Amino acid sequence: MKFLAGEFDVAVIGAGHAGIEAGLAAARLGCKTGVFTINMDAVGNCPCNPSIGGTAKGHLVREIDALGGEMGRAADECFLQSRMLNRGKGPAVHSLRAQIDRRAYSSRMKHTLELQEGLELRQAEITELEKEQDGQWLLTTRLEAQYRAKAVILATGTYLGGKIYVGDVSYESGPDGMFPAKYLPESLEKLGMRIRRFKTGTPARVLRSSIDFSDLEEQSGDDPVVPFSYDTEKPGENKVKCYVSWTNENTKKVILDNIDRSPMYSGRIEGIGPRYCPSIEDKIVRFSDKPRHQLFIEPCGMDTEEMYIQGMSSSLPEDVQLDFYHTIKGLEHCTVMRPAYAIEYFCADPIQMNSTLEFMEFPGLYGAGQFNGSSGYEEAAAQGLVAGINAALKILGREPMILDRASSYTGTLIDDLVTKGCNDPYRMMTSRSEYRLILRQDNADIRMTPIGRRVGLIGDERWERFQNKLSRINKELERVRSVVISPTEKVNEILRERNTSEIKTGVKLAELIKRPELNYEVLAPVDQTRDETDRNILEQVEIEIKYEGYIKRQLIIIDQVRRLESKLLPADTDYNSIEGLRLEAREKLSKIRPENIGQASRISGVSPADISVLVIYLSTLRNRNDSKD
């Protein structure tokens with residue numbers, strides 16, 4: 001018999017990376033919050049790679065932290081090895097990545113939810129979601145308990161109608177052998193939501209003692225360790241090493257000889273897989289000219305002997321997996337503890353949502369993470385944080401937090417999803433942002449902390465530290481722009497050693513730092529007035545000076561785009577009645593319902609001529625309203 005078990009301001013369905021951030025944000029903003037998970041032991045689970053960050057993903061983690069989220073702090077506490085990727089390239093693509101202890105991370109996140117004031121963590125499968133006449137939502141569990149909520153955030157990950165595939169074998173399941181959310185998809189379709197099937201996969205885990213490390217390339221962590229969180233003062237030390245190996249012609253042969261046994265190629269898997277994280281059989285087929293593919297052998301934790309084989313996800317039968325893993329250097333005699341598998345699941349079409357991640361047709365209902373068609377822990381956490389913040393702000397009667405593309409990778413991620421949609425699992429990459437020189441991971445706090453403060457997730461102590469940092473950066477910028485370096489023999493000797501032209505008159509220190517061949521460290525012997533020693537402060541100043549011209553040009557472009565985004569399109573606009581719009585533009589605009597001209601301009605199928613028509617339409621509408629007044 002159904003019974004009313006509780007009432008919440010915000011109910012979060014799912015306690016993965018999206019659900020955690022959503023629940024914590026809503027509760028920390030003062031809303032009574034309930035977080036529901038099918039299995040309490042799977043809170044914050046990392047069913048695929050036990051790592052946080054990576055190219056572009058590290059940017060997201062830094063932004064989550066700067067807004068007041070939890071992922072960065074937890075990663076700093078649970079990391080095994082930390083590395084800054086892409087150091088050989090420019091600062092725009094530097095990205096932090098940490099191998100983490102997956103069980104420690106999960107435990108830490110579960111405990112954080114348990115300790116959070118105003119948040120209740122419940123083990124329950126939500127089977128039905130209904131909209132009540134008073135605008136609230138009614139959630140029903142498999143045990144027939146019912147909960148009422150003013151807002152609901154769907155953060156179901158890969159559990160929603162989850163189905164595992166390994167060769168000819170398939171069965172209903174969530175990740176890591178958990179129960180799937182079996183009944184909720186039917187309820188969402190009954191509600192009128194558009195959902196579709198995506199798929200992802202994960203590689204095998206192998207026994208550490210069965211790996212031959214003697215001839216494998218080692219990957220060590222960075223020293224000193226750079227933390228994700230701006231709250232982390234002492235990040236600790238690297239504890240493990242990772243290893244690199246490669247597939248070969250024998251690996252390729254085993255896979256191609258058995259490709260007909262792959263459910264991907266036999267047509268048994270209907271869901272669309274990730275374009276930028278393909279399975280090993282997909283790599284072999286799509287890139288048939290490549291003689292080998294790189295893979296990484298990484299530990300899953302300090303208290304386990306499982307090693308993760310990154311880059312080798314597969315849905316081939318278990319016997320084929322054993323055969324191809326055994327062709328790889330170091331894995332010739334490996335023991336597979338968990339075979340690789342593909343998982344198919346339901347997710348929503350994200351163009352049904354607006355920039356707050358609220359469904360346009362279902363007020364009070366939000367989506368986040370893989371439910372929105374994205375892939376990756378970091379993408380999920382960023383969306384969860386935004387959804388949790390906006391659900392709480394709406395309940396509190398405050399203005400929503402909308403992040404535009406020029407503000408953050410988080411804003412880019414959400415804008416891409418709700419404006420362009422996704423035909424396969426969306427993965428964040430630095431190339432997706434047209435403003436990546438501005439949106440660096442090193443300045444995420446400068447960009448996002450003021451927003452987190454306005455929202456209410458950045459406390460006084462952290463705000464004071466942030467203000468102090470800004471003051472020190474400005475002071476150092478003033479110094480290097482005013483200090484004059486004289487043309488001494490010592491100075492010119494340094495310049496000659498660095499293959500850059502000597503100076504004959506006094507030159508501002510900033511002008512020397514701007515040269516590609518020079519930096520703070522090189523000029524330290526002749527920089528007699530420097531007091532600042534904090535590496536983060538010096539990094540900010542050096543980037544600001546070296547890329548000053550490029551940054552100014554991007555800021556001009558951002559200003560132009562933001563002018564377009566200030567031209568708001570009424571939510572009830574009838575695009576079919578606007579003369580001059582092409583048929584395709586009318587269809588796309590009516591379906592996506594952009595919030596402003598800038599967003600409309602990014603919709604595929606909406607031309608510059610269509611945008612001109614919309615601008616004229618808004619001007620006419622404004623003049624008409626002014627005449628009425």
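Predicted model only: the values in this text are computed from it and were never measured.
Under 3.5 Å, the side chains of T430 and H59 contain no donor-acceptor pair of N or O atoms. A side-chain donor from one of S355 and E595 sits under 3.5 Å from a side-chain acceptor of the other. Looking at E517 and N499, their side chains never bring a donor and an acceptor atom within 3.5 Å of each other. With 3.5 Å as the limit, one finds a donor-acceptor pair spanning the side chains of N354 and T356. T529 and R479 share a side-chain donor-acceptor pair at under 3.5 Å. Counting only N and O atoms by type, the side chains of S229 and D76 include no donor and acceptor under 3.5 Å apart. Using a 3.5 Å distance cut-off with no hydrogens or angles, the side chains of N443 and Q540 do not pair a donor with an acceptor. Using a 3.5 Å distance cut-off with no hydrogens or angles, the side chains of S374 and Q383 do pair a donor with an acceptor. A side-chain donor from one of R515 and T500 sits under 3.5 Å from a side-chain acceptor of the other. E476 and Y520 share a side-chain donor-acceptor pair at under 3.5 Å. Residues S607 and D610 bring a donor and an acceptor atom of their side chains to less than 3.5 Å of each other.
Residues E378 and M71 form a side-chain contact, since some pair of their non-hydrogen atoms from C-beta on lies under 4.5 Å apart. Taking the side chain as every heavy atom from C-beta outward, P487 and I503 approach each other to under 4.5 Å. For the pair L96 and L85, the minimum side-chain heavy-atom distance is 4.5 Å or more. Two residues are said to be in side-chain contact when any heavy atoms from C-beta on lie closer than 4.5 Å; V541 and I513 fail this criterion. Taking 4.5 Å as the limit, every side-chain heavy atom of C46 sits out of range of all side-chain heavy atoms of S106. The side-chain heavy atoms of M302 and K239, taken from C-beta on, include a pair separated by under 4.5 Å. Looking at heavy atoms from C-beta onward, H293 lies in side-chain contact with F287 at the 4.5 angstrom threshold. E511 is not listed as a side-chain neighbour of I485, based on a closest heavy-atom distance of 4.5 Å or more.
More than 12 heavy atoms of other shown residues, nucleotides or ligands fall within 6.0 angstrom of atom NZ in K514. Counting non-hydrogen atoms of other residues, nucleotides and ligands closer than 6.0 Å to CD of E237 gives a total of 12 or fewer. Counting heavy-atom neighbours within 6.0 Å of E399 CD, excluding the residue itself, gives a total of 12 or less.
We find that D415 and K420 are not joined by a salt bridge, their nearest charged nitrogen and carboxylate oxygen being 4.0 Å or further apart. Using a 4.0 Å cut-off between charged side-chain N and carboxylate O, D445 and K469 make a salt bridge. Between R440 and E63, none of the side-chain N atoms (NZ, or NE/NH1/NH2) sits under 4.0 Å from a carboxylate O, so this pair counts as no salt bridge. Ionic pairing of R496 and E489 is present here: one or more N-O contacts between side-chain nitrogen and carboxylate oxygen are shorter than 4.0 angstrom. Between D442 and R62 no salt bridge is recorded (no basic side-chain N to carboxylate O distance below 4.0 Å). Comment: E298 does not engage K241 in a salt bridge, judged by the lack of any side-chain N to carboxylate O separation of less than 4.0 angstrom. Electrostatic pairing of R535 and E542 does not count as a salt bridge here, judged by no charged N lying under 4.0 Å from a carboxylate O. Salt-bridge formation is detected for the pair D460/R453: a Lys NZ or Arg NE/NH1/NH2 atom is positioned less than 4.0 Å from an Asp or Glu carboxylate oxygen.
With hydrogens and angles ignored, the 3.5 Å screen pairs no side-chain donor or acceptor of S619 with any backbone N or O of I616. Side chain of D559 to main chain of L555: no donor-acceptor pair is present (N/O by atom type, distance under 3.5 Å, no hydrogens or angles). N596 contributes a side-chain N or O that, together with a main-chain N or O of G598, makes up a donor-acceptor pair within less than 3.5 Å. Under the 3.5 Å distance criterion, the side-chain polar atoms of R97 are left unmatched by any main-chain donor or acceptor of S51. No side-chain donor-acceptor contact under 3.5 Å links N49 to the backbone of Q310. Under a 3.5 Å cut-off, the side chain of N86 and the backbone N or O of V93 do form a donor-acceptor pair. Under the 3.5 Å distance criterion, the side-chain polar atoms of S486 are left unmatched by any main-chain donor or acceptor of T488.
For the pair K552 and Y547, the NZ or CZ position fails the cation-pi test of under 6.0 Å to the six-membered ring centre and within 45 degrees of the ring normal. Stacking of R432 on the aromatic ring of Y426 is recorded, both the 6.0 Å distance cut-off and the 45° axial limit being met.
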Exercise. May I have the step-by-step check of salt bridge (charged side-chain N to carboxylate O under 4.0 Å, His left out) for E77 and R108, ending in yes or no?
Key: CA-CA 9 Å; E77 291 179 25; R108 194 272 192 196; 3.0 Å; yes
Quiz item: side chain to side chain contact (heavy atoms under 4.5 Å, CB included) between K508 and V483: does it pass, once the steps are laid out?
Solution: CA-CA 6 Å; K508 295 287 178 62; V483 167; over 6 Å; no
Exercise. Could you go through the salt bridge (charged side-chain N to carboxylate O under 4.0 Å, His left out) check for E70 and R73 one step at a time?
Key: CA-CA 6 Å; E70 197 66 30; R73 285 193 290 264; 2.8 Å; yes
Practice problem: Could you give me the CA-CA distance, side-chain angles and deciding distance for L437 and I551, then say whether side chain to side chain contact (heavy atoms under 4.5 Å, CB included) is met? | Solution: CA-CA 7 Å; L437 185 55; I551 290 172; 4.1 Å; yes
Practice problem: I would like to know whether Y409 and K57 meet side chain to side chain contact (heavy atoms under 4.5 Å, CB included); could you show each step before the answer? | Solution: CA-CA 9 Å; Y409 273 85; K57 295 168 178 284; over 6 Å; no
Quiz item: Taking it one step at a time, do H111 and L115 satisfy side chain to side chain contact (heavy atoms under 4.5 Å, CB included)?
Solution: CA-CA 6 Å; H111 202 205; L115 293 175; 3.8 Å; yes
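For P50, the side chain to side chain contact (heavy atoms under 4.5 Å, CB included) test picks out Q99, R102, C300, Y308, with sequence neighbours left out. K394 is linked by a side-chain hydrogen bond (donor to acceptor under 3.5 Å, both in side chains) to E358, counting only residues two or more places apart in sequence or in another chain.
Partner of F79 under the side chain to side chain contact (heavy atoms under 4.5 Å, CB included) criterion, out of D101, V225, V240: V225 alone. Screening Q441, R83, M84 for a side chain to side chain contact (heavy atoms under 4.5 Å, CB included) involving V226 leaves a single residue, M84. Each of R465, K475, R472 was scored for a salt bridge (Lys or Arg N to Asp or Glu O under 4.0 Å) with D534, with one residue passing: R472.
To the nearest 0.5 angstrom, N519 atom CG is 11.5 Å from I545 atom CD1. For the atom pair CD1 (I458) and CE (M448), the distance works out to 10.0 Å, reported to the nearest 0.5 Å. Atoms CD1 and CD1, on I309 and I297 in that order, are 5.0 Å from each other to the nearest 0.5 Å. Here OG1 of T412 is found 5.0 Å from CZ of R405. Values are rounded to the nearest 0.5 Å. Here L564 contributes atom CG and R602 contributes atom CZ; the two are 9.0 Å apart, rounded to the nearest 0.5 Å.
Aromatic pair Y243/F213: ring centres closer than 6.0 Å.
In terms of heavy atoms, I100 sits closest to A75 at CG2-O, 4.3 Å.
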